[in-house]
Amino acid sequence: MSQITVIEQYLQTSYGRIFIKRWLPKGCEAKLNIPIFLLHDSLGCVDLWHKFPQLLALATGHEVIAYDRIGFGRSDSHAGDIELNFINKEAGSIFKDVCQHLEVNHFICFGHSVGGSMGVVVAATYPTRCLALIIESSVAFVEKKTITGLKAAKLHFKNPNQIAKLEKYHSSKARWVLNSWLNTWLSDEFTNWNQDTELASVKCPVLIIYGEDDEYGSLKQPQAISRLSGGPSTIKMVANCGHVPHREQQGEVVDLLATFITSISII
């Protein structure tokens, strides 16, 4: 894509080295001051966004920034088990460091799955800096369908071929990535987890994208996110789609984001 400049870089933090990738559309300098951050899911990383960041940058004219959390993708390994407060911790740790390093003040946040939950905390933590929040396939609380989906995934990943697919993106960290996801969300300590407080502190416009056939949450999830959000919210259900709308229905999701970002007139 000749209209896009791609920059890859590493940032040394107190948590370890972080891999960052940026997609900068040409000819839209004003919008480059308000980048779109992509926050990946529990098994995700920068490379697993595939073509989505490029298409999003072209459709919106905004710079798109993605990074691998510690323990994922091309970032350093995580020392020990993931903390139970890892969702709330992200906003004031790695996300904060990346913003400071790239000298980002105002931004738009797009989070997929647990990345969406992190996006909620980011928007709540930086209410004057986060101008818009897009939440894709996130849960606001743990419901029966969430647990059923996780247990099915646990069986699915007993197949060595599935671990090999994770290793393609996470190398030797793949088993840690998988265990961090399943062991945390299936733990007794996480049973009563919810984002009621954090959602109430969100003040910016919110777009909630949910696949009609999502494996980990029912319609109760986007409804709860919308009801609890302190900012104006819109729900968009995507037909013939499971947990990864930006991949399964990529064109539709890119169009939804471009329309939403244009509608809120942030520049």
Side-chain angles (χ1 to χ4, degrees), residues 13 15-16 18-19 38-46 48-49 66-96 109-125 135-159 162-163 165-167 169-199 210 214-218 220-222 224-225 228 242-244:
T13 74
Y15 306 93
I18 295 294
F19 173 68
L38 303 182
L39 303 181
H40 66 74
D41 65 301
S42 294
L43 300 183
C45 64
V46 169
L48 275 167
W49 289 109
Y67 66 91
D68 290 333
R69 298 195 298 273
I70 286 290
F72 298 82
R74 291 190 253 178
S75 290
D76 283 350
S77 299
H78 189 289
D81 296 332
I82 199 166
E83 305 90 340
L84 286 176
N85 68 338
F86 75 104
I87 293 174
N88 283 53
K89 185 177 178 180
E90 187 68 19
S93 57
I94 301 302
F95 182 85
K96 179 180 179 181
C109 197
F110 174 100
H112 171 232
S113 193
V114 77
S117 301
M118 291 177 175
V120 169
V121 180
V122 166
T125 304
I135 303 172
E136 181 189 57
S137 306
S138 290
V139 297
F141 61 96
V142 179
E143 64 173 315
K144 184 177 180 180
K145 188 173 183 180
T146 310
I147 300 300
T148 300
L150 288 164
K151 289 181 176 179
K154 190 172 185 178
L155 290 174
H156 177 72
F157 277 100
K158 285 187 175 181
N159 184 336
Q162 299 306 319
I163 292 294
K165 290 179 181 179
L166 282 183
E167 289 173 345
Y169 296 98
H170 302 290
S171 62
S172 61
K173 303 186 290 288
R175 180 62 65 177
W176 179 90
V177 168
L178 179 62
N179 289 341
S180 294
W181 175 43
L182 295 175
N183 293 347
T184 300
W185 285 89
L186 289 173
S187 68
D188 291 339
E189 293 86 349
F190 233 67
T191 302
N192 296 317
W193 174 89
N194 65 69
Q195 285 204 301
D196 293 12
T197 300
E198 292 82 4
L199 281 164
Y210 225 79
D214 194 289
E215 304 94 313
Y216 302 102
S218 69
K220 295 177 182 178
Q221 298 293 345
I225 293 170
L228 294 167
H243 192 62
V244 195

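Hydrogens, waters and symmetry mates are skipped; everything else that's a heavy atom, side chains included, is used. Note that this is a predicted model, so its numbers are computed, not measured.
Leu182 has its side chain within reach of Leu150: a pair of non-hydrogen atoms, C-beta onward, lies under 4.5 Å apart. Counting only heavy atoms from C-beta outward, the side chains of Thr191 and Val142 never approach each other to under 4.5 Å. Side-chain contact between Phe72 and His170: present, with at least one pair of heavy atoms (C-beta onward) separated by less than 4.5 Å. Side chains of Gln195 and Val121 form a contact here, defined as non-hydrogen atoms less than 4.5 Å apart. The shortest distance between side-chain heavy atoms of Gln221 and Ser138 does not fall below 4.5 Å. Residues Asp196 and Phe141 fail the side-chain proximity criterion, which asks for heavy atoms closer than 4.5 Å. A heavy-atom distance below 4.5 Å is found between the side chains of Val114 and Phe86. Contact annotation: the side chain of His243 approaches that of His112 to within less than 4.5 Å [non-hydrogen atoms, C-beta and beyond].
Minimum heavy-atom separation, Val139 to Ser117: O-OG, 3.6 Å. The shortest non-hydrogen separation linking Tyr15 to Ser93 is OH-CB, 3.3 Å. Nearest heavy atom pair, residue Tyr67 against residue His40, reads O-CD2, 3.4 Å. Scanning both residues, Cys45 and Gly73, for their nearest heavy atoms gives CB-CA, 3.7 Å. The two atoms that bring Ile163 and Arg175 nearest to each other are CG1-NH2, 3.5 Å, heavy atoms only. Val177 and Ser42 get closest at one heavy-atom pair: CG1-O, 3.5 Å.
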Q. Given Glu90 and Val122, is the side chain to side chain contact (heavy atoms under 4.5 Å, CB included) satisfied, shown in steps?
A. CA-CA 8 Å; Glu90 187 68 19; Val122 166; 5.8 Å; no

Q: Show your working on side chain to side chain contact (heavy atoms under 4.5 Å, CB included) between Leu39 and Cys109 and close with a plain yes or no.
A: CA-CA 8 Å; Leu39 303 181; Cys109 197; 3.6 Å; yes

Q. Taking it one step at a time, do Leu84 and Ser187 satisfy side chain to side chain contact (heavy atoms under 4.5 Å, CB included)?
A. CA-CA 10 Å; Leu84 286 176; Ser187 68; 4.3 Å; yes

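A side-chain donor from one of Glu143 and Ser218 sits under 3.5 Å from a side-chain acceptor of the other.
For Asp68 (side chain) and Arg74 (main-chain N/O), a donor-acceptor pair under 3.5 Å exists by modelled atom type. Listed for the Ser171 side chain is no donor-acceptor partner under 3.5 Å among the backbone atoms of Glu167. Listed for the Thr184 side chain is a donor-acceptor partner under 3.5 Å among the backbone atoms of Ser180. Formation of a donor-acceptor pair under 3.5 Å by the Thr125 side chain with backbone atoms of Ala91 is not found in this model.
Annotation: Asn179, atom CG; neighbour count of heavy atoms from other residues, nucleotides and ligands within 6.0 Å is above 12. Enclosure of atom CG in Asn85 by more than 12 non-hydrogen atoms of other residues, nucleotides or ligands within 6.0 angstrom is indicated. Heavy-atom neighbours of Lys145 NZ from other residues, nucleotides or ligands within 6.0 Å: above the threshold of 12.
Separation of atoms CG (Asp76) and CD1 (Ile70) is listed at 5.5 Å; rounding is to 0.5 Å. A distance of 10.0 Å separates CZ of Phe190 from CD1 of Ile147, quoted to the nearest 0.5 Å. Taking CD1 from Ile225 and CD1 from Ile135, the interatomic distance works out to 5.0 Å, rounded to the nearest 0.5 Å. Interatomic distance, Asn183 CG to Ile82 CD1, rounded to the nearest 0.5 Å: 10.5 Å.
Note on ring orientation: taking the six-membered ring where Trp is involved, the planes of Tyr216 and Trp181 are perpendicular (angle over 60°, cut-offs 30° and 60°). Using bins of under 30°, 30° to 60° and over 60° for the plane-to-plane angle, the ring pair Trp176/His78 lands in the parallel bin.
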